[in-house]
Undergrad: 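My structure is below; once you've seen it, I'll send some questions.
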Amino acid sequence: MAGGGRTINVLNVAEKPSVAKAVAAILSRNQGLRVRDGRSRYNKIFEFDYAIRGQPCHMLMTSVTGHLMELDFEDRYRKWHSCDPADLYQAPVRKIVPEDKMDIKRTLDEEARRCQWLVLWLDCDREGENIAFEVIEVCRAVNHHLVLRRARFSALIDREIHQAVQNLVDPNQWFADAVDARQEIDLRIGASFTRFQTMLLKDRFCIDSATEDRNLVLSYGPCQFPTLGFIVERYWEIQAHEPEEFWTINFTHRSDEGIATFNWMRGHLFDYTCAVIIYEMCVQEPTATVTKVRQQEKLKYPPYPLSTIELEKRASRYFRMSSEQTMKVAEDLYQAGFISYPRTETDCFSVRTDLHAMVQEQQGHPVWGSYAQRLLDPGTGLWRNPSGGGHDDKAHPPIHPTSFLLGNQDGVKTTILYELVVRHFLACVSQPAVGAETTVEIDVAGELFSASGRVILARNYLDVYRFESWGGSVIPSYAVGQQFIPTTLTLDSGVTRPPLLSEADLLSCMDKAGIGTDATMHDHIKKLLDRFYATKDANTRFSPTNLGEALVMGYDDMGYELWKPNLRSTMEYDMKEVSIGNKSKAEVLANCLQQMKACFLDARVNKVKLLEAMSIFFERSNADEHHAAGEIVRQCGNCLESNMDGKFMVGCMAFPQCRNAVWLPGSVSEAIVTSNICNSCNPGPVYLIQFKFRRHEIPPGFDVNHWVSVVTESLHMQSGCIGGCDETLRQLIEICGTGSRNPGGRGATTTSNNVRQSDTRQRACIYCQQTGHSSGDCPSQFSGSRNAHSHGPNLQSGESSIPCTSCGTPCVLRIANTANNRGRKFYSCQSQECNFFLWEDDINNGTRGRSIPRGSASNPGRRGGRGRGGQTGGRGADTTFVSATGDPLSGRRCYVCGDPSHFANACPNRGT
DNA sequence: GCAAGGTC
């Protein structure tokens with residue numbers, strides 16, 4: 001890029017208008033700088049001449065406003081009912097410029113055509129790099145010959161900017177790839193789960209939100225859900241917490257010099273008798289002897305320079321402003337030029353920053369102007385170069401005032417937030433407060449007590465940072481050996497009580513777990529309120545709503561950590577790997593999406609957990625009448641128990657004692673039990689079922705919608721019957737088999753499979769007495785992934801053999817050796833082809849055996865101390881579980897008080 | 001009607 005010659009046109013693009021303006025001003029030194037409008041009213045175009053390494057350039061400097069493009073599914077997948085949500089894991093996606101960014105794109109189109117170089121001035125983080133590639137895509141489309149260069153800068157400071165433009169580098173594809181991967185994963189997970197849970201729950205329950213029910217969306221997102229998780233988890237901790245009364249002894253002493261409060265050095269005791277005995281000893285011998293007097297100088301340091309999260313936390317703590325409101329006000333202040341860029345992770349100033357100039361700006365302020373003057377006066381010794389918190393996003397400095405604002409100009413919130421920014425900045429460059437601390441220890445009847453007092457010797461930064469105080473109480477002076485009698489000696493009680501999560505706590509949790517960015521954390525919090533997942537009280541404390549709690553509970557009962565931050569943390573780790581070239585984008589995408597799809601499919605199989613959790617808090621709606629899992633189809637011929645279990649089988653509710661089952665064709669995609677009764681099948685009543693089949697899995701000539709015409713008293717109804725009269729159903733079972741256990745899963749029952757199945761069709765299965773499969777393949781016995789033995793409980797020893805209840809091969813009784821189930825006996829099949837597994841004690845509880853799920857703990861994780869009911873769940877192939885009684889709530893008890901007679905929603909103690 | 005990330 002070196003060398004003189006003809007002037008070339010260089011298109012420069014920054015991430016936001018303010019950066020374009022600042023860079024243009026610095027490079028042009030405000031000499032010959034022209035400004036004109038582009039197609040977008042916000043994004044001006046600056047023009048000036050500049051030489052890059054001796055090459056004369058005509059510079060055109062413009063900007064985008066953040067991302068120029070959006071990722072979305074192709075049109076045919078965008079409607080909610082256009083496809084199965086599971087398809088969204090492989091549905092084609094594309095990046096397009098949305099309508100509201102088209103004017104920026106037009107500007108780039110026009111300007112790029114007449115330029116030879118494109119210099120990218122996007123923020124120097126991963127998102128910035130990704131935006132750089134969006135700009136490249138747009139510009140290259142109209143000008144293939146553009147030379148692409150990237151300017152790297154970490155602050156809008158003269159030297160930094162000149163250095164950046166003289167040392168242009170290549171854009172970093174890895175950084176951009178990491179963001180591409182994140183976008184795609186977020187989109188696919190978010191859309192699939194949101195559609196799934198909204199369509200599953202919205203119409204089945206009377207969710208009394210403030211919104212019009214029609215627009216209710218039960219969204220899922222990899223940031224919003226862990227944020228909700230933090231709130232629910234704390235709420236559960238509070239519910240599980242048993243308030244404990246404790247006792248403590250307090251001792252005060254008043255003298256001419258003042259009063260000292262001595263704290264018991266044991267802190268507090270939970271044992272009342274013990275506390276009383278000690279207290280009585282003190283009362284009988286109340287003379288205190290001073291055993292130790294210690295004096296120390298203590299420093300209290302000012303806070304680090306202000307990052308976004310810290311601004312939000314402090315505004316919440318000091319002014320009870322929501323993080324969302326804080327960011328809105330900060331944005332206004334930034335736009336008006338009063339404070340620096342408000343979205344920054346950086347909490348240390350660059351050594352090149354002219355801090356003195358910033359302080360000088362504040363000298364004229366009527367309230368803190370005199371403090372600023374003192375700071376600048378070397379004679380006061382008040383100045384101190386600020387220390388840093390060790391965070392630097394390499395894109396923006398800490399938030400600081402950029403120009404002088406006299407209060408009360410733009411409403412109260414603006415003024416107080418500006419005041420916080422200024423006072424915080426002035427505090428950062430000030431000396432710490434200095435205090436003299438005195439600690440006195442006394443002995444009363446062998447018990448030790450201590451009191452401390454503090455005298456502030458120099459307030460320093462505390463003079464300007466009025467939001468912080470340093471509790472300075474003065475205590476009388478004491479000497480070792482001195483004796484005195486207490487003024488008061490009391491035995492006091494207290495109760496342990498964990499607090500709800502405040503907004504500042506929540507931000508800390510998110511920050512720690514890497515949920516969201518400084519620019520989006522407040523959005524995630526707001527989203528929880530908008531979606532009616534959580535509420536915030538006047539003290540900025542968060543509680544989950546019934547809806548929020550039910551959703552988290554549902555996933556938790558499945559044993560998934562979809563509501564915990566781990567998923568996001570893992571993703572963040574992978575993104576980091578992509579951004580440094582250790583992993584490829586394709587590899588991370590394939591891996592993550594495969595896992596998430598498996599998780600999604602599993603969650604859908606276990607959707608009954610979500611339904612159960614919702615039914616704890618919400619009434620079922622009328623629309624639910626024909627949709628619920630566990631509907632009765634007919635009386636069981638063997639034992640008079642009955643149940644419509646899941647989509648694919650009609651099984652007896654008395655399983656495993658009774659194994660009577662009717663299996664439906666594998667090509668069934670929907671099965672809804674109607675309230676209509678078959679007129680011909682006996683013994684009745686047999687409720688009719690509306691079937692829908694997958695087109696490509698049934699032969700031509702069969703309708704995907706299968707209803708048998710039945711004339712009832714008042715209407716002409718069409719439904720399928722499992723009572724034996726339904727010829728179409730019988731034929732489809734003959735042709736397609738009962739496919740729930742096909743290794744290929746959905747769609748595997750093809751013509752070629754029928755050849756294999758025709759061999760087994762003639763023999764009746766020993767379990768369900770049906771033809772169409774072998775006993776070893778009987779779908780009435782639960783199965784999921786094969787070869788999963790290695791994931792079962794750790795084996796200690798083989799015990800006596802019994803017949804396997806799944807595939808017929810011998811099964812052994814074993815003893816678990818895991819932390820949660822040590823010593824518990826279970827049956828597991830010896831066959832490598834079968835992964836049947838059943839706890840011995842669950843047989844009596846009525847819980848079914850199940851397959852050991854791949855890659856999962858043998859016993860889903862449980863929250864401690866919530867008095868939850870027995871284990872009724874598990875995972876199987878295309879089936880759902882109910883408890884022995886058919887009551888999904890059996891065995892549960894109230895989370896609040898533990899009483900089995902009611903649930904938390906009806907608990908008289910709830911909310912106290 | 002869905003995510004999270006930029007930004008006005």
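So that the names make sense, note that chain A is the first sequence line, chain B the second, and so on, each numbered from 1.
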Undergrad: Using a cut-off of 4.0 Å on non-hydrogen atoms, how would the nucleic acid contact of A/Leu122 be classed: base, sugar-phosphate, or nothing?
TA: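 Nothing: the residue A/Leu122, judged by heavy atoms under 4.0 Å, touches no strand.
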
Undergrad: Contact class for A/Pro85 vs. all strands (heavy atom < 4.0 Å): base, sugar-phosphate, or nothing?
TA: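 The answer is nothing, as A/Pro85 stays clear of every strand by at least 4.0 Å.
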
Undergrad: Identify, between A/Tyr220 and A/Lys16, the residue whose nearest nucleotide on DNA chain B lies closer to the 5' end.
TA: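 Taking each residue's closest nucleotide, the earlier one in sequence belongs to A/Tyr220.
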
Undergrad: Contacts to DNA chain B from residues 185-201 of chain A, heavy-atom cutoff under 4.0 Å, which residues?
TA: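 Result for residues 185-201 of chain A: A/Asp186, A/Leu187, A/Gly190, A/Ala191, A/Thr194, A/Arg195, A/Thr198, sorted by number.
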
Undergrad: For A/Tyr220, enumerate each residue passing the side chain to side chain donor-acceptor pair (under 3.5 Å) test, keeping only those at least two apart in sequence or located in another chain.
TA: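 Here no residue qualifies.
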
Undergrad: Would you mind classifying the nucleic acid contact of A/Asp72 as base, sugar-phosphate or nothing, using non-hydrogen atoms under 4.0 angstrom?
TA: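 A/Asp72: base contact, heavy atoms under 4.0 Å.
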
Undergrad: Mind checking if A/Arg568 touches a base, just sugar-phosphate, or nothing, with heavy atoms under 4.0 Å?
TA: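 Answer is sugar-phosphate: A/Arg568 comes under 4.0 Å of backbone atoms only.
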
Undergrad: Measure the distance from CE on A/Met69 to P on B/dA3 and round it to the nearest whole Å.
TA: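 Taking atom P of B/dA3 as the reference, CE of A/Met69 is at 22 Å.
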
Undergrad: Between B/dG5, B/dT7, B/dG1, spot the one nearest the side chain of A/Arg343, thanks.
TA: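 That would be B/dT7.
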
Undergrad: Give the C-alpha distance, both sets of side-chain angles, the deciding distance and a yes or no for side-chain contact (heavy atoms from CB on, under 4.5 Å) between A/Met596 and A/Leu567.
TA: CA-CA 10 Å; A/Met596 282 312 298; A/Leu567 174 65; 3.7 Å; yes

Undergrad: Scan residues 91-102 of chain A against DNA chain B and write down, sorted by residue number, each residue with any heavy atom closer than 4.0 Å; if none is found, say none.
TA: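 DNA chain B contact set from residues 91-102 of chain A: A/Lys101.
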
Undergrad: Answer yes or no: does a side-chain N or O of A/Thr520 lie under 4.0 Å from OP1 or OP2 of B/dA4?
TA: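 Negative; the distance criterion is not met.
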
Undergrad: May I ask you to evaluate whether A/His81 reaches the phosphate of B/dG1, defined as a side-chain N or O under 4.0 Å from OP1 or OP2?
TA: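 Indeed not, no polar side-chain atom of A/His81 lies that close.
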
Undergrad: Just jot down the salt bridge (Lys or Arg N to Asp or Glu O under 4.0 Å) partners of A/Glu137, sequence neighbours excluded, or say none.
TA: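 With sequence neighbours excluded, A/Glu137 shows a salt bridge (Lys or Arg N to Asp or Glu O under 4.0 Å) to no residue whatsoever.
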
Undergrad: When the distance from NZ of A/Lys527 to P of B/dC2 is rounded to whole Å, what number comes out?
TA: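 Atom-to-atom, A/Lys527 to B/dC2, this comes out as 8 Å.
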
Undergrad: Say you draw a straight line from CD of A/Glu111 to CG of A/Leu11; how long is it, rounded to the nearest 0.5 Å?
TA: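 CG of A/Leu11 is found 7.0 Å from CD of A/Glu111.
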
Undergrad: Under the side chain to side chain donor-acceptor pair (under 3.5 Å) test, which residues partner A/Arg343, sequence neighbours left out?
TA: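 Expected list: A/Glu331, A/Tyr341.
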
Undergrad: Identify whether any heavy atom of A/Lys328 sits under 4.0 Å from a base atom; if not, whether one sits that close to sugar-phosphate; answer base, sugar-phosphate or nothing.
TA: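 Here A/Lys328 touches no strand at all.
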
Undergrad: Is there a side-chain contact between A/Arg531 and the phosphate of B/dC2, meaning an N or O under 4.0 Å from OP1 or OP2?
TA: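 A/Arg531 to B/dC2 OP1/OP2: side-chain N or O found under 4.0 Å.
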
Undergrad: Please state whether the phosphate of B/dT7, meaning OP1 or OP2, lies under 4.0 angstrom from any side-chain nitrogen or oxygen of A/Tyr341.
TA: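 Yes, such a contact exists.
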
Undergrad: Need one value for A/Glu15: base, sugar-phosphate or nothing, where a base atom within 4.0 Å counts as base even if backbone is also close, heavy atoms only.
TA: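 Touches sugar-phosphate only.
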
Undergrad: Tell me, please, which residues at least two apart from A/Asn130 pass side chain to side chain donor-acceptor pair (under 3.5 Å).
TA: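 Scan of A/Asn130 (side chain to side chain donor-acceptor pair (under 3.5 Å), adjacent residues dropped) gives A/Lys95, A/Asp180.
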
Undergrad: Quickly work out the A/Asp523 CG to B/dG5 P distance and round it to whole Å.
TA: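 Interatomic distance, CG of A/Asp523 to P of B/dG5: 9 Å.
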
Undergrad: Rounded to the Å, how far apart are A/Met510 CE and B/dG5 C1'?
TA: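 Spelled out: CE on A/Met510 to C1' on B/dG5 is 13 Å.
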
Undergrad: Out of B/dG5, B/dC2, B/dT7, which nucleotide sits closest to the side chain of A/Cys223?
TA: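 Looking only at side-chain atoms, A/Cys223 lies closest to B/dG5.
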
Undergrad: Tell me the interatomic distance from A/Leu228, atom CG, to B/dA3, atom P, rounded to whole angstroms.
TA: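 One finds 14 Å between P of B/dA3 and CG of A/Leu228, rounded.
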
Undergrad: Using a heavy-atom cut-off of under 4.0 Å over every strand shown, decide if A/Asp123 touches base, sugar-phosphate, or nothing.
TA: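 Sugar-phosphate, backbone atoms only, no base.
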
Undergrad: To the nearest angstrom, how far is A/Glu331 atom CD from B/dT7 atom P?
TA: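 Taking atom P of B/dT7 as the reference, CD of A/Glu331 is at 8 Å.
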
Undergrad: Of all residues at least two apart in sequence or in a different chain, which pass the salt bridge (Lys or Arg N to Asp or Glu O under 4.0 Å) check with A/Glu184?
TA: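 For A/Glu184 the salt bridge (Lys or Arg N to Asp or Glu O under 4.0 Å) partners, ignoring immediate neighbours, are A/Arg188.
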
Undergrad: Just jot down the salt bridge (Lys or Arg N to Asp or Glu O under 4.0 Å) partners of A/Asp530, sequence neighbours excluded, or say none.
TA: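 A/Lys526.
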
Undergrad: Roughly how far, to the nearest 0.5 Å, is OH of A/Tyr89 from CD1 of A/Ile185?
TA: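 If we round to the nearest 0.5 Å, A/Ile185:CD1 and A/Tyr89:OH are 10.5 Å apart.
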
Undergrad: How many whole angstroms separate atom CZ of A/Phe225 from atom P of B/dC2?
TA: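 Going from CZ in A/Phe225 over to P in B/dC2 covers 15 Å.
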
Undergrad: Check the distance between B/dG1's C1' and A/Phe73's CZ and give it to me in whole angstrom.
TA: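 The answer, rounded to whole Å, is 14 Å.
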
Undergrad: Using only side-chain N and O atoms of A/Ser219, determine if any of them is under 4.0 Å from OP1 or OP2 of B/dA3.
TA: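 For B/dA3, OP1/OP2 do have a side-chain N/O of A/Ser219 under 4.0 Å.
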
Undergrad: Is there a side-chain polar atom (N or O) of A/Gln224 under 4.0 Å from OP1 or OP2 of B/dA4?
TA: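 So the side-chain polar atoms of A/Gln224 do come within 4.0 Å of the phosphate oxygens OP1 or OP2 of B/dA4, strictly under.
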
Undergrad: Could you check A/Asp574 against A/Lys583 for salt bridge (Lys or Arg N to Asp or Glu O under 4.0 Å), going step by step and ending with a plain yes or no?
TA: CA-CA 8 Å; A/Asp574 277 345; A/Lys583 288 185 182 175; 2.9 Å; yes

Undergrad: Has A/Trp80 got its ring stacked on B/dG1, by the test of a centre gap below 5.5 Å and a plane angle below 30°?
TA: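 Stacked: centres under 5.5 Å apart, planes under 30°.
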
Undergrad: What residues, two or more places apart in sequence or in another chain, satisfy salt bridge (Lys or Arg N to Asp or Glu O under 4.0 Å) together with A/Arg76?
TA: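 Expected list: none.
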
Undergrad: Just call it for A/Gly128: base, sugar-phosphate, or nothing, with non-hydrogen atoms closer than 4.0 Å on any strand.
TA: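 Nothing: the residue A/Gly128, judged by heavy atoms under 4.0 Å, touches no strand.
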
Undergrad: What nucleotide, of B/dC2, B/dG6, B/dA4, holds the atom closest to the side chain of A/Glu127?
TA: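 Among B/dC2, B/dG6, B/dA4, the one nearest the side chain of A/Glu127 is B/dG6.
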
